[in-house]
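To start, the structure itself, in structure tokens.
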Amino acid sequence: MAVGRKKISCPPYAEGTALSERDISERRVTIFEDHPNLVYSWTAGQAMSRFLNELKNGKLIATKCEKCGRIIFPPRIYCELCYKPIDGWVYVKDTGTVQTFSISYIDPDARPLEKPVIVAVIAVDGASPNMGIMHILGEVEPEKVYIGMRVKAVWKPENEREGAITDIKYWKPWRDEND
Amino acid sequence: MPAIVGVGYSGFNANTPDLSWKEIMYEAAVRAYEDAGIDPRKDVDSFITCAEDFYEGFAIFDEFVPDQLGAVLKPTCTVCADFLYGLATAYMQIESGLAEIAVVEAHSKASDIKTFGEVIRHAMDPIWLKGVTNAHPYYLAALEMSYYMNKYCITQEAIAEVVVKNKRNALLNDSAPYGAKLTVEYALKSPFVFYPMRKIEIAERADGAIVFVVASDEMARKITDSPVWIKGVGWWSETSNYDIMSFEARYAYKSAKMAYRMAGIENPSKEIDIAEIDDRFAFKEIQHIVALQLAGKYDVCDLMSEGYFARNGSLPVNVSGGNLGVGNLLEATGGQKALEIVIQLRGEAGRRQVDCEIGVAQAWRYIPTASGAVAVFGV
């Protein structure tokens, strides 16, 4: 506390008086609550429309830039490094390699999750290095996950796909026949 | 003095079902860089975008900016305000020596917003104002209109004239989706949806993006033969409280004063050749004309009826069609105003060309605000 140069210090785990659920529900604390009704419907555009529609087919699609040679995934209609329009579309595989992962135990309200969620960034086979997807892993115990693990997408049944990133249920450990 | 050396835009359309907001930004940016003859990956020192997260529909909008502007791994920031605030930011960055070339962007993807009235309501003080009523918040503009009309004897006819003039101007602007040839009698038959405001006086929303390339004095002279100088910028805020607001667009008066002082303009009504001003509600054009000192508050109605502000009048206002003709472009509103002034000053306005050397662009931050910005341009 620099203000006024007072010698006030705060212990790392200060114990105050915690607010209880009742303090809030019985309005012992003066608050005003609001639940705004904000609804959006984003146009997916040229690149993402194709990407989402290909998800329905159980396929992952990327774009390519012939100047820098990159396979850009997820696709966009411009190469952001060369700053030029892309030169075409190309399918990439639904397999890849875990680049980083986290095991998440609590939900956004800080409540414990019934089952931990393993979030991972996956470099997708066929896309340029450092291009891929952030998704979740399944069919694997948290302690078995490692950076460099090979994984494959597990898709929803075709009649349940809706053109959303959740058309992939999760990615599971996978061994390439050639590995 | 910094100058505009390149402009590009995408739109303006009532809806844009084929392109995402990132893709309309890309389209506008590519055109601006081509217009300026620059490569954004090499030549630009700073990128400034103008956006309000609740209009976008997601938080921390500035994170989503670099790719489509050619700004990856470059200095980039977002101003949470209208395009003209972004232009003022570019002006300061250039004048301070931080940048020689800066890019300013703003866009509207209003068609992505499904509950526009609720987004506007969400800008009201949550404790003090928002909960009062669930009515569509356009009444906020009508409150101001009611006060202003009564105080200065503004006639309904004069407000109808604004609608007729701007929608007709829009017919000569291929980028204006809301052009129409109407009569004052027709406009006066439009129903009162927020008394004393009629439905036809409210600008419909539109999509579009605007990108400017701004350069320092020295750089501008190097890269173009036709720079449009930014002679002055200004911005000002009054209060968010509807109980103490002046309802006389003090924000426009004060921000214009700031910009005029920089530009050395002492008598705006004589020295300004063309004005593009915020008319997202028709009465606002009249209120803003007065606030910008382009006409006296007791003369403005007569002048409007006489055609003084028409395309071929003495002081053309909203030759582009204004927001009533082009649409409500949210934070890109000031961008469209500035764009029209730049095109006019360059002599590239085609069928709607006006003879001009000094122009002023003004934008308000829309309901529920009493804030706004002004820029003065010259050749």
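For the numbers below, each heavy atom of this structure counts, side chains included, while hydrogens, waters and symmetry mates do not. Letters A, B, ... mirror the listed sequences (proteins, then strands); counts begin at 1.
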* Flag the one option from B:K130, B:K109, B:Q68 with the top tally of heavy-atom pairs under 4.5 Å to chain A. => B:Q68

* To do: Below 4.5 Å from any heavy atom of chain A, which atoms of B:L69 appear? Answer side chain, backbone, both or neither.
  => backbone

* **Part of B:E56 lying under 4.5 Å from any heavy atom of chain A** => backbone

* Proximal component of B:A29, with respect to chain A [non-hydrogen, under 4.5 Å] -> both

* Asked: What part of B:V119 is in contact with chain A, defined as an atom under 4.5 angstrom from a non-hydrogen atom: side chain, backbone, both or neither?
  -> both

* Assign the ring pair B:H107 / B:W21 to parallel, tilted or perpendicular, where the plane angle (0 to 90°) is split at 30° and 60°. => parallel

* Using non-hydrogen atoms only, which part of B:Y33 is less than 4.5 Å away from chain A: side chain, backbone, both, or neither? -> side chain

* Is there a donor-acceptor contact under 3.5 Å linking the side chains of A:T43 and B:D112? -> yes

* Could you tell me whether A:D94 and A:K152 make a salt bridge, using a distance below 4.0 angstrom between a side-chain N and a carboxylate O? => yes

* Structure fact -> Okay, B:P40 and chain A: the region with an atom under 4.5 Å from a heavy atom over there is side chain

* **Proximal component of A:N37, with respect to chain B [non-hydrogen, under 4.5 Å]** => both

* Region of A:Y40 that comes under 4.5 Å of a non-hydrogen atom in chain B -> both

* Asked: Do B:D39 and B:R41 meet the salt-bridge criterion of a basic N to acidic O distance under 4.0 Å?
  -> no

* Asked: Can we say A:R28 and A:D23 salt-bridge, meaning some charged N sits less than 4.0 Å from an Asp/Glu carboxylate O?
  -> yes

* Is any side-chain N of the basic residue among B:E118 and B:R121 closer than 4.0 Å to the acidic one's carboxylate O? -> yes

* Should B:D67 and B:K22 count as an ion pair when the cut-off is N to O under 4.0 Å? -> no

